[in-house]
Asker: 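I am attaching a structure below and will ask some questions about it afterwards.
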Number of protein chains: 2
Amino acid sequence: MADQAQRTTGRKNDPEGLRRRLVEAAYAAFTTRGYRATSVHDLKRETGATGGALAHHFPTKKDLALAVLQDQVAEIVEETWMRPVLTAATAGEGIRAVFAGIAAELEAQGSVSGCPLNNLALELARDDADFRRVIDAIFLRWRDAIADKIRTDLRAGAATTIDPEAFATFVVATYSGAMAMAKASQSAAPLRTCAEQLTRLMRDWRVP
Amino acid sequence: MADQAQRTTGRKNDPEGLRRRLVEAAYAAFTTRGYRATSVHDLKRETGATGGALAHHFPTKKDLALAVLQDQVAEIVEETWMRPVLTAATAGEGIRAVFAGIAAELEAQGSVSGCPLNNLALELARDDADFRRVIDAIFLRWRDAIADKIRTDLRAGAATTIDPEAFATFVVATYSGAMAMAKASQSAAPLRTCAEQLTRLMRDWRVP
DNA sequence: TGAAAAACAGGACGAACGTCCTGATTTGAA
DNA sequence: TTCAAATCAGGACGTTCGTCCTGTTTTTCA
């Protein structure tokens, strides 16, 4: 360090940038390899952060995981599920499209690491109340977005007597479970099968 | 040890018994706390087994987990799902009863530790092919049992055009996902909601 | 410009972790 | 009864874990 105290432009701190890189690396590691399976040393190596820097931003590993849930996982659910469904023509069409899109994506990349929320939920929700609160809140927002879309369809005259909240819970559960099976079989087939079954259910909620 | 080499009845080896106690303790720990969250030292303490005894029966932790999957998890799925469904009047009635029974059980014990198969599947299936094979096989047998029951109903004259295999996959996925949501919310509500939705679907597969 | 705070460097720390090793005891077959 | 194999005792081994600590540098603000 002494031989090059000043680089060409002068080195600068980038706290937000480093924090973001840490959270992104942790998101990738936690949702694919798992929370316990990932060591903080792994993250230091991947990001180039030192122990001091890491401890400054995230005193404990748990703090980092909470940030991953709030910043990354919530955002991914929003992007991949809520927005597509809310902007689709109908709830049914939106749900069908999301399933199909994710199935295609999994087949393209060849391996299935599962639903990020589901992966972390099953590993962290059980023993720690802080994790559970955050995870449950994300599940709730996810479900409510779908329920809202169904309510919109109903107001537009869809011919069904379904309960929006209950059906939304049903959709989220089916998706989560299908992803678990997809992970176990390393195949998008369960996802496609479940999408087909759900589509079958919804296709006669005709909107006039 | 030297002061009491011979106890009252004379100590005896019990290899099968010790093996069984180890697998049962590991099953309880792995499916509630998690595989990585459980140390082999924990299991030694809980069962009273020594390092040598443990290493003799299960050279590695992975061997123990494979035994847990094959001996315990497969058996639990058989007991709690396959047998009740196969012996029910109809597939629909069997599925409804299993959901209701498990929901009641969760509410009685106050906490939700999730579906044993699902818990281990999400933690172990991704990176290890040996685990994945065993887990996928259990999922398959589970699905096939339900599909068989639906086929039986169809032969008995049920009025539906459903594909047995696809619908069975759908049921397993919905259950797994509902249990994940139940774990996150520490409530049986998602299970009850999904059961209601599934029942609604199946109630007009009238068997004459 | 000076001082306090924030951001980061780099390693020390004890406490686990999973596995393996040597030897003692028990068991079953000869 | 003898002896090899199976079963178990108990601890050592090196590694890795998450956290904390003492400094140094950079940034902020008055």
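Each chain gets a letter, A, B and so on, in the order the sequences are listed, and its residues count up from 1.
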Asker: To the nearest angstrom, how far is A:Leu22 atom CG from C:dA9 atom P?
Answerer: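 Value for this atom pair: 11 Å.
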Asker: Sorted by first residue and then second, give each salt bridge (Lys or Arg N to Asp or Glu O under 4.0 Å) pair with at least one member in residues 25-35 of chain B; sequence neighbours left out.
Answerer: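 Qualifying pairs: B:Arg33-B:Asp42, B:Arg33-B:Glu46.
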Asker: Please name all residues satisfying side chain to side chain contact (heavy atoms under 4.5 Å, CB included) with B:Ser187, sequence neighbours left out, ordered by chain then number.
Answerer: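 Counting only residues at least two positions away or on another chain, B:Ser187 forms a side chain to side chain contact (heavy atoms under 4.5 Å, CB included) with B:Ser185, B:Ala189, B:Pro190.
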Asker: Starting at CG of A:Leu18 and ending at P of C:dA6, how long is that distance when rounded to a whole Å?
Answerer: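 Those two atoms, CG and P, are 17 Å apart.
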Asker: Could you tell me which residues satisfy side chain to side chain contact (heavy atoms under 4.5 Å, CB included) with B:Asp14, sequence neighbours excluded, listed by chain and number?
Answerer: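 So B:Asp14 forms no side chain to side chain contact (heavy atoms under 4.5 Å, CB included) with any residue.
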Asker: In residues 141-149 of chain A, what donor-acceptor pairs under 3.5 Å come from side-chain atoms, sequence neighbours left out?
Answerer:
unit_1	atom_1	unit_2	atom_2	d
A:Asp148	OD1	A:Arg151	NH2	2.8
A:Lys149	NZ	A:Leu86	O	3.1
A:Lys149	NZ	A:Ala88	O	2.7

Asker: Please report the distance, rounded to the nearest Å, between CG in A:Asn13 and P in C:dA7.
Answerer: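 Spelled out: CG on A:Asn13 to P on C:dA7 is 8 Å.
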Asker: Could you state the CG-P distance from A:Asp14 to C:dA6, rounded to the nearest angstrom?
Answerer: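 Spelled out: CG on A:Asp14 to P on C:dA6 is 18 Å.
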Asker: Whole angstrom is fine here: how far is it from NZ in A:Lys44 over to P in C:dA9?
Answerer: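 So the NZ-P distance, A:Lys44 to C:dA9, works out to 11 Å.
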Asker: Quick one: salt bridge (Lys or Arg N to Asp or Glu O under 4.0 Å) pairs with a partner in residues 49-62 of chain B, sequence neighbours left out?
Answerer: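 Matches after skipping sequence neighbours: B:Lys62-B:Asp128, B:Lys62-B:Asp130.
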Asker: Can you give each donor-acceptor pair under 3.5 Å made by side-chain atoms of residues 116-125 of chain A, sequence neighbours left out, with the distance rounded to 0.1 Å?
Answerer:
unit_1	atom_1	unit_2	atom_2	d
A:Asn118	ND2	A:Ser176	O	3.2
A:Asn119	OD1	A:Lys183	NZ	3.2
A:Asn119	ND2	A:Thr31	O	2.8
A:Asn119	ND2	A:Ser113	O	2.7
A:Glu123	OE1	A:Tyr35	N	3.0
A:Glu123	OE2	A:Tyr35	N	3.4
A:Glu123	OE2	A:Arg36	N	2.9

Asker: Who passes side chain to side chain contact (heavy atoms under 4.5 Å, CB included) against A:Gln197, sequence neighbours left out?
Answerer: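 Result, side chain to side chain contact (heavy atoms under 4.5 Å, CB included) vs A:Gln197: B:Ile162, B:Ala166, B:Phe167, B:Phe170.
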Asker: Taking NZ, NE, NH1 and NH2 as the nitrogens, is one of them in B:Arg19 or B:Glu16 under 4.0 Å from a carboxylate oxygen of the other?
Answerer: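 No salt bridge links B:Arg19 with B:Glu16.
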Asker: So, using side chain to side chain contact (heavy atoms under 4.5 Å, CB included) as the criterion, who are the partners of B:Thr47 when residues are at least two apart?
Answerer: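 B:Thr47: side chain to side chain contact (heavy atoms under 4.5 Å, CB included) contacts with B:Leu22, B:Ala25, B:Ala49.
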Asker: How would you list, by chain and number, every residue that makes a ring-ring contact (aromatic ring centres under 6.0 Å, His included) with B:Phe99, sequence neighbours excluded?
Answerer: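 For B:Phe99 the ring-ring contact (aromatic ring centres under 6.0 Å, His included) partners, ignoring immediate neighbours, are B:Trp81, B:Tyr175.
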Asker: So which of residues 35-43 of chain B are in contact with DNA chain C, with a heavy-atom cut-off of under 4.0 Å?
Answerer: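 Those residues whose heavy atoms fall under 4.0 Å from DNA chain C, taken from residues 35-43 of chain B in numerical order, are B:Thr38, B:Ser39, B:Val40, B:His41.
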Asker: Identify, between A:Gly51 and B:Gly51, the residue whose nearest nucleotide on DNA chain C lies closer to the 5' end.
Answerer: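 Upstream on the strand: A:Gly51.
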Asker: Does anything in residues 54-62 of chain B come within less than 4.0 Å of DNA chain D? Heavy atoms only, and list the residues if so.
Answerer: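 Within residues 54-62 of chain B, the residues near DNA chain D are B:His56, B:His57.
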Asker: Do A:Arg21 and A:Glu24 meet the salt-bridge criterion of a basic N to acidic O distance under 4.0 Å?
Answerer: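 Result for this pair is no, no salt bridge flagged.
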Asker: Extract from the structure each pairing of a protein N or O with an N or O of nucleotides 1-3 of chain D at less than 3.5 Å, listing the distance.
Answerer:
none

